[in-house]
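All remarks here apply to the structure that follows.
Lettering of chains follows the sequences in order, A, B, ..., and the numbering in each one begins at 1.
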Amino acid sequence: MNPQNYNYINIESKWQQQWYNEKIYEANKKTNKKFFIHFAYPGVSGYLHVGHMRGFTYCDIIARAKRMQGYDVLFPAGFHASGIPSIGFAKKVERKDPKTIAMLKEYGCDEQCISNLTDPKNVVSYFSDVYVEDYWKKFGFLIDYSRIMSTISPGYKQFIKWQFQKLYEKNLLIQKPHFAPFCSKCGPVAVDKSETDISQGGNAEIMEFTVIKFKLSDGTILPAATLRPETIFGVTNMWINPTVTYKKIHINNETWIVSKSAFEKLNYQHDNIKDLNETIPGSSLIHEQVTIPLINRKVPVLSGPFADPDVATGIVMSVPAHAPYDYIALKETKEPIEPITIIDVKDLGENPAKTVCEQLNISSQSETTKLEEATDLVYKKEFHTGSLNQECKEYAGIKIAEIKDTVKNKLIESNLAVQLREFSEDVICRCGEHVVIKKIPDQWFVQYSNQKLTDESKEHIASMHIFPEKYKEELPGILDWFDDRACIRKGSWLGTEFPFKQGWIIEPISDSTLYPAYYLLSKYVNEKKINIDEMTTEFFDYVFFGNGEAKNEIWEEIRKDCAYWYPVDINLGGKEHKTVHFPVFIMNHVAIMPPEKRPQGIFVHWWVTQKGKEKISKSKGGAEHVAEAAELYGIDAMRLYYTHVGSPFVDIEWDAKIVTKYKNKVANIYKFINQLLSINSEPKNQIDTWLESKTNEYLSKVTYAYNNFDLRVAANTIFYEIPQDINWYIKRGGGNKNTIKTCVNAWLQLMTPITPHLSEELWNITHDTLVSTSILPDEKRLKISESHVAGEKLVSNLIDDIQEILNVTKIKPQRIIIYTAPNWKHMVVHKAINLSEENGSLNMGQLMKSIMTNPDLKKQAKQVSKYAGKLTGEIKKLNEKDITYYQTNIDETKYLTESKSFFESLFNCSIEIYSADDSSINDPKQKSRFAEPRRPAIYVE
RNA sequence: GCAGAGGUACCCGAGUGGUCAAAGGGGCAGGGCUUAGGACCCUGUGACGUAGGUCUUCGAGCGUUCGAAUCGCUCCCUCUGCACCA
């Protein structure tokens, strides 16, 4: 059979049809042993690429492996459709974005189909179909397709409303002011790299300025904004841009002078602001005096043309000892003002700003790149190693890292400062407007900072199975760090209406935390067994908690399902979920579900990237479409590739050449097993017992690996170690039909979770049932003959030794004589191992003492002691496996003699085998004295 | 800003105290099978070695230990996630 003829396309669709027709994916309550696994559902606003299939594949493998161990498996899937992505996509289609249209056409979406996609809801249903039909089913996933759901379906919305009701009851929904990106035309916008809402500024960060109120002699306030309020003690002057026209405004009965844009920003973020419609040229303020609040020192206002009216308030306080910009500016004005050093920091001398400016050779304000670098350097150094000095009176000696908020809070509390938030770079809305930051006075939050919830969640995490283990250690820290999350938003965005504020929609992360529970209902919703308006608080309380009473039989049925399947055993998702999705998934369960219904495990996998660790993307080339790759390599090859190419916990680089290797691997296994099944029967002998033992060893090793989700170990064993051993069996003259059948059957079962189509096709040769629904043999009933396993190890080690001798001596052998160790050496080894096992260590004295109690050994004390001396050093290097190897009882001479013809054909010469104890021994070079247990001596002619 | 990962032979990548000159794969070289082959099989792939051995090696340096790729410290370098994006 030619592996090139392995027609995976037909084979895959043939078996998939059968699985799906027979609905073997459906979760049913049968065995009282359940397993609930799901992956973090994907968003639906575009096609997926080969990288996305990695996690899905892991999930299917685990689910299949569990099924084959007799578990009732629930493996559902759904779509996260809330939020803006699908709206953004629809908008792109609507304005006929050329890239989007070209992509849709490339994937076979026709005009009719494209025109449909101007509606976000159609976007969701279109991609949902693509995911199910072109990705999940094509990959052979045994997802329970009767439970598919989306987060914008009416049933799901009922569920989310109930969830928020529960959060409210637990006092985890709170209201407080929030500052959010806002467009005066479009309302709230999301600022993020994907730039769905905005046209520029996706990387902008929100910076929090402290606006400090410096007073002019007439009481008017000159507000300077700073990110470093603690440096107020070092202020020597103010900077005002003489070319800018400032304006006067009223804010809580105070009169402020600010730039025009500062007024607008303040207006969005503060109450009680009035425009006094009075302008003031910056130049007129130069050389006025202001009083520094808190320390009441007077400083002059100087001309600073660099003060940008669009940054913060447009007015700057000058701290020349710690801000390189200020230092250089002050130097250039030639004013007789001395910097005031307020922070002691090692290595930066009397004046850190000056030191760094000199180090970097900065002499002019125009060297902005260098000045930025200098600012950064000074800031980092001061923040991490600096502390305030005597100039700061009550704060002297405190580290900068600790003081920041203290000074800020003190200023704000004393009404000497306010806060102002601003983007680090310009953010422009889709519509062209500038995006600002607006105060929402009564924003709703989920209170993740709640101490009780955090503590309880941490406690729960300790009991979970989390992969990789390192993530388990990280999680408590993440929970501590996780802050309250604004959970609703007003504007164009799909999702569930927030029950406590009309017109506001629950934000997409907040509506995807408890959702695995909904998979228990989605089946009934899909089958229209339950009405949407029936899904009330009473309903959910009943089915999840058993509170209240069932209104009908379906309620009862659903309650039983919930009781049976919940909690989730594994939630699997990519590494991007580590700091958001998984924490809220845990915390919402802890908040709402009783202890026994909280998640049992999490599996985090890393990504598939393009060469050079770039995030995979079509625009950069190289990435392959899922459907194309599936056709080119075959599904099983891709499944094997994902599983075997690297640990789940590293990023892997997509490389077509490597995937091709796996394609060949799959075809070769197909060819190999076909050959095995066509072997004519030989009688059984020792090698058959060996192969049966090895097969059983592999059954238990792979089962163990599957149970620990150690998929790579499973794949390596199945696809590389097992065929090696079968080859050894053939090489050793094996060829018994029954042995081969037993071995191949077990092998096929083991590979089914990873390469189900291949296994199904081969299994079909000798079975009329599906291997996917078969159950693995019970581990406890597997028989392993240790002596045969050890015997073969002896044979193969001996071959290596002979080979090495031949390589080194370059002798072409005429005759090889093998001497197994004399009985007394075996006795000494056993004594040594026993002693070392008993005592945990071994010393020469002990060993000799024990040896001398045996009269047979005592007779040749001299030789024995020499050998024992050598042994004591070696014994402690042995591990458990070695010890088993030594302790297993085999008659080496007999075992080797039975393999004599194998040695003869291998080395193509005559072979003689003697025990060193044999009286008829032929030992021309006295080699037999080197023989040791498990290491026969060798003589080559 | 907060947090995390990692540097292993020509390459990818296992390995977290002795089984380690270091799995597996790829590449390369030689041989086999073949009309041919990008398919497959075997052998070799740190150095030295006419007896199964010895020596050097796991980013750099120091240390702990009878023993270190593995543990500790210092340094250098690379990468990643998150911040109403799911």
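- One interatomic measurement links the two molecules: CH2 of A:W481 to C1' of B:G81, which rounds to 10 Å at whole-angstrom precision.
- Across all strands shown, B:C58 has no partner, as no Watson-Crick or G-U wobble contact with both distances under 3.5 Å is found.
- Ring geometry for A:F903 against A:F907 counts as parallel: the plane angle stays under 30°, on a 0 to 90° scale with 60° as the upper cut.
- Of the residues in residues 795-806 of chain A, those with a non-hydrogen atom less than 4.0 angstrom from any atom of RNA chain B are A:D801, A:E804, A:I805.
- For the P atom pair drawn from B:C62 and B:A69, the interatomic distance equals 14 Å after rounding to whole Å.
- Using P as the reference atom, B:G61 and B:G27 are 34 Å apart when rounded to the nearest Å.
- For A:Y642, there are no side chain to side chain donor-acceptor pair (under 3.5 Å) partners two or more places apart in sequence or in a different chain.
- Between A:W728 and A:F902, the ring planes are perpendicular. Angles over 60° get that label, and only those under 30° would be called parallel.
- For A:D484, the side chain to side chain contact (heavy atoms under 4.5 Å, CB included) partners two or more places apart in sequence, or in a different chain, are A:I174, A:K176, A:F445, A:Q447, A:S449.
- Atom P of nucleotide B:C41 and atom CD1 of A:I726 are separated by 13 Å, given to the nearest angstrom.
- Taking atom P in both B:U65 and B:A60, the straight-line distance is 23 Å, to the nearest Å.
- Residues passing the side chain to side chain donor-acceptor pair (under 3.5 Å) test with A:E912 are A:R815, A:Y914, A:N922, sequence neighbours excluded.
- Between the CG atom of A:N807 and the P atom of B:G44 there is a distance of 7 Å, given to the nearest Å.
- Straight-line distance from the NZ atom of A:K578 to the P atom of B:G4: 9 Å, rounded to whole Å.
- Taking the salt bridge (charged side-chain N to carboxylate O under 4.0 Å, His left out) definition, one finds that A:R934 meets it with A:E892, sequence neighbours left out.
- Separating the C1' atom of B:C20 from that of B:G30 is a span of 28 Å, rounded to the nearest Å.
- Across all strands shown, A:T579 has heavy atoms under 4.0 Å from sugar-phosphate atoms exclusively, and none from any base.
- The distance between atom NZ of A:K663 and atom C1' of B:G38, rounded to the nearest whole Å, is 11 Å.
- Using a 4.0 Å heavy-atom distance criterion, A:W493 is classed as a sugar-phosphate-only contact.
- The side chain to side chain contact (heavy atoms under 4.5 Å, CB included) check on A:L227 picks up A:M207, A:F209, with sequence neighbours excluded.
- Across every strand in view, B:C40 sits in a pair with B:G32 that passes the Watson-Crick or G-U test at under 3.5 angstrom.
- Looking at heavy-atom distances under 4.0 Å, A:E474 makes contact with sugar-phosphate atoms alone, never a base.
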If you look only at distance, which donor and acceptor atoms sit under 3.5 Å apart when one is on a side chain in residues 797-808 of chain A and the other is two or more places apart or in another chain?
none

Report, one pair per line, the protein and nucleotides 20-30 of chain B atoms (nitrogen or oxygen only) whose separation is under 3.5 Å.
residue, atom, partner, partner atom, Å
B:G27, OP1, A:K661, NZ, 3.2

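- Taking atom CD of A:Q675 as the reference point, atom P of B:A39 lies 17 Å away to the nearest angstrom.
- A:S647 comes within 4.0 angstrom of the backbone, heavy atoms only, and of no base.
- Regarding A:L479, its CG atom lies at a distance of 13 Å from the C1' atom of B:A3, rounded to whole Å.
- B:A68 and B:U57 have their C1' atoms separated by 13 Å, with the value rounded to a whole Å.
- Both distances falling under 3.5 Å, in either a Watson-Crick or a G-U wobble arrangement, place B:G81 opposite B:C2.
- A:F179 comes within 4.0 angstrom of a base, heavy atoms only.
- The side chain to side chain donor-acceptor pair (under 3.5 Å) check on A:Y518 picks up nothing, with sequence neighbours excluded.
- Here B:C79 presents its C1' atom at 13 Å from CH2 of A:W606, a figure rounded to the nearest Å.
- Taking the six-membered ring where tryptophan is involved, the planes of A:Y6 and A:Y670 are tilted, since the angle between them lies from 30° to 60°.
- Checking B:U45 for Watson-Crick or G-U wobble geometry (two distances, each under 3.5 Å) identifies B:G27 as its partner.
- Put simply, A:K470 has a side-chain N or O that comes within less than 4.0 Å of OP1 or OP2 on B:G6.
- Each of A:V650 and A:I811 was matched to the nucleotide of RNA chain B holding its nearest heavy atom; the match closer to the 5' end belongs to A:V650.
- Searching all strands for a Watson-Crick or G-U wobble partner of B:G18 with both distances below 3.5 Å returns B:C66.
- The neighbour count for A:K501 NZ, taken as heavy atoms of other residues, nucleotides or ligands under 6.0 Å away, is above 12.
- Take A:Y471 and apply the side chain to side chain donor-acceptor pair (under 3.5 Å) test, not counting sequence neighbours, and it matches no residue.
- Evaluation of the ring pair (Phe, Tyr, Trp, His ring centres under 6.0 Å) rule for A:F179 yields no partner, not counting sequence neighbours.
- A heavy atom lying under 4.0 Å from RNA chain B marks the following residues of residues 931-941 of chain A, by number: A:R935, A:P936, A:A937, A:I938, A:Y939, A:V940.
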